[in-house]
**Student:** 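Take a look at the following structure, please.
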Amino acid sequence: MPWGRPLPRAFFDREPLAVARDLLGRVVTAGGVSVRLTEVEAYAGTADPASHAYRGPTGRSAVMFGPPGHLYVYFVYGMHWCANLVCERDGAAAAVLLRGGEVVAGQELARQRRPAVRSAAELARGPAKLAGVLGLSGADTGADLCRPGAGIVVSAGIPVPEAAVSRGPRVGVAAAGEWPWRFWVAGDRTVSGYRPAARRAPRTTAPGRIAPGSAGGPG
DNA sequence: ATAACGATTAGCT
DNA sequence: GCTAATCGTTATA
């Protein structure tokens, strides 16, 4: 592998802010494609209103409560997958969302997986595109990235010096959106643009209607 | 059982 | 810049 040794589990067994900052420049390899990370976001489990783990373990967030160095892939907007790396000790529920990066190997495969993309810089710009070019989906949740011979790995890559690291609020996050827990490589074209949380559309259906079948359905 | 919503993207103006 | 697409997860009844 040309991207150096896979990162040890101890790398992920730290608070998410430290892991997120140190993930910049590292290389994620999966499904025949490698991406060098340029943009990530930290999520801090039960202490973080924006985290999927905020309200305690559920079927979806269970893997976040497990040991570090595992993959958490979730489905959103009815069509996209986004990939996280679980951090902190077993029992804590922190994770880092992979938001952007540069495709450094397997570009042809990546193009096949994202036919709509026009430029190389755009291939893995945005969390769903990044997970998409790597071929990740819910089936990969729970994968152990630190096991010898793992099919999905995070390699040492080339760490980013402090002077090149920028930090600011997380993208598209309503609750606790102002927390500056997003890290990116300053000026890099593979970093997605900032977007505040989407405004909710006004209600179109009147509230308080009685659902059909609610009175006398099958037991 | 059911409504509301989402850590987004692509396509169009 | 604006918004349709599309469905699993969650909270609530």
Side-chain angles (χ1 to χ4, degrees), chain A residues 16-17 19-20 23 28 37-65 71-87 93-101 110-119 121-134 136-142 167-184 190-219:
Chain A
L17 286 176
V19 175
L23 273 174
V28 185
L37 299 174
T38 58
E39 183 192 4
V40 295
E41 275 176 4
Y43 287 84
T46 53
D48 180 356
S51 170
H52 291 168
Y54 182 54
R55 296 171 194 278
T58 65
R60 177 174 68 162
S61 67
V63 66
M64 291 180 73
F65 287 83
L71 195 63
Y72 165 49
V73 188
Y74 70 91
F75 188 57
V76 73
Y77 291 112
M79 62 198 97
H80 301 303
W81 297 98
C82 298
N84 297 254
L85 309 181
V86 175
C87 1
V96 175
L97 170 69
L98 310 182
R99 287 200 55 91
R111 290 262 186 193
Q112 289 172 18
R113 291 177 178 149
R114 280 283 150 176
V117 160
R118 305 178 182 189
S119 70
E122 198 186 342
L123 269 176
R125 181 165 66 202
K129 283 188 279 192
L130 194 160
V133 297
L134 292 173
L136 298 176
S137 73
D140 300 299
T141 280
R167 181 177 175 175
R170 297 179 287 192
V171 174
V173 170
E178 73 281 6
W179 296 7
W181 284 14
R182 170 179 178 237
F183 297 83
W184 68 93
T190 64
V191 174
S192 73
Y194 175 74
R195 178 175 47 73
R199 245 180 38 194
R200 276 186 274 170
R203 276 198 176 79
T204 62
T205 56
R209 305 198 57 161
I210 308 296
S214 67

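In what follows, chains are A, B, ... by sequence order, proteins preceding strands, each numbered from 1.
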**Student:** Show me the pairs that pass side-chain hydrogen bond (donor to acceptor under 3.5 Å, both in side chains) and involve residues 168-180 of chain A, at least two apart or across chains.
**Tutor:** Asp48(A)-Arg170(A)

**Student:** Would the number of heavy atoms belonging to other residues, nucleotides or ligands and lying under 6.0 Å from OH of Tyr54(A) be above 12?
**Tutor:** no

**Student:** Tell me the interatomic distance from Arg118(A), atom CZ, to dG11(B), atom C1', rounded to whole angstroms.
**Tutor:** 9 Å

**Student:** Can you measure Tyr54(A) atom OH to dG6(B) atom P for me and round it to whole angstrom units?
**Tutor:** 15 Å

**Student:** What are the two closest heavy atoms between Ala83(A) and Leu71(A), and how far apart are they?
**Tutor:** CB-CD1, 4.4 Å

**Student:** If I take atom OH in residue Tyr77(A) and atom P in nucleotide dG11(B), what distance separates them, rounded to the nearest angstrom?
**Tutor:** 18 Å

**Student:** Give Arg114(A) one of three labels, base, sugar-phosphate or nothing, depending on what nucleic acid heavy atoms sit under 4.0 Å from its own.
**Tutor:** sugar-phosphate

**Student:** According to ring-ring contact (aromatic ring centres under 6.0 Å, His included), who are the partners of Phe65(A), at least two apart in sequence or on a separate chain?
**Tutor:** none

**Student:** Does any pair with a residue in residues 52-64 of chain A pass salt bridge (charged side-chain N to carboxylate O under 4.0 Å, His left out), and if so which ones, sequence neighbours excluded?
**Tutor:** none

**Student:** Arg195(A) has an atom CZ; how far is it from atom P of dA7(B), in whole Å?
**Tutor:** 10 Å

**Student:** Keeping the roles fixed (side chain from Arg167(A), backbone from Pro180(A)), state whether a donor-acceptor pair exists under 3.5 Å.
**Tutor:** yes

**Student:** Nearest whole angstrom, please: distance from the C1' of dT8(B) to the CD of Glu39(A).
**Tutor:** 13 Å

**Student:** To the nearest 0.5 Å, what is the distance between OG1 (Thr141(A)) and CH2 (Trp81(A))?
**Tutor:** 7.0 Å

**Student:** Wobble G-U and Watson-Crick pairs count when both distances are under 3.5 Å; given that, what is the 5' to 3' dot-bracket string of DNA chain C, with | for pairing to other strands?
**Tutor:** |||||.||||||.

**Student:** Going by heavy atoms closer than 4.0 Å, what residues in residues 167-177 of chain A are next to DNA chain C?
**Tutor:** none

**Student:** Under the side-chain contact (heavy atoms from CB on, under 4.5 Å) rule, collect the residues that match up with Ala95(A), sequence neighbours excluded.
**Tutor:** Met64(A), Asn84(A)

**Student:** Report the distance from atom CD of Glu41(A) to atom CH2 of Trp181(A), rounding to the nearest 0.5 Å.
**Tutor:** 11.5 Å

**Student:** Taking only residues two or more places apart in sequence, or in another chain, which ones meet Thr190(A) in a side chain to side chain donor-acceptor pair (under 3.5 Å)?
**Tutor:** Thr38(A), Asp188(A)

**Student:** Roughly, in whole Å, what's the span from CE in Met79(A) to P in dA7(B)?
**Tutor:** 13 Å

**Student:** Rounded off to whole Å, could you give me the CZ-to-P distance for the Arg55(A) and dA7(B) pair?
**Tutor:** 12 Å

**Student:** Restricting to ring-ring contact (aromatic ring centres under 6.0 Å, His included), what partner residues turn up for Tyr74(A), sequence neighbours left out?
**Tutor:** His52(A), Tyr72(A)

**Student:** Look at all strands and tell whether Phe75(A) reaches a base, only sugar-phosphate, or nothing, counting heavy atoms closer than 4.0 Å.
**Tutor:** sugar-phosphate

**Student:** Listed by chain and number, what are the side chain to side chain donor-acceptor pair (under 3.5 Å) partners of Thr58(A), not counting sequence neighbours?
**Tutor:** Ser61(A)

**Student:** Looking at CG of Leu98(A) and CG of Leu136(A), how far apart are the two atoms once the value is rounded to the nearest 0.5 Å?
**Tutor:** 8.5 Å

**Student:** In residues 121-130 of chain A, what residues come within less than 4.0 Å of DNA chain B, judged by heavy atoms?
**Tutor:** Gly126(A), Pro127(A), Ala128(A), Lys129(A)

**Student:** Of the options dA10(B), dA7(B), dT9(B), whose atoms approach the side-chain atoms of Ala116(A) most closely?
**Tutor:** dA10(B)

**Student:** Taking any atom closer than 4.0 angstrom to a non-hydrogen atom of chain A, what span of DNA chain C does the protein reach, first nucleotide to last?
**Tutor:** dA5(C) to dA11(C)

**Student:** Write down the distance between CG (Leu136(A)) and P (dA7(B)), rounded to a whole number of angstrom.
**Tutor:** 18 Å

**Student:** What residues form a side chain to side chain donor-acceptor pair (under 3.5 Å) with Glu39(A), not counting sequence neighbours?
**Tutor:** Arg99(A), Arg182(A), Ser192(A)

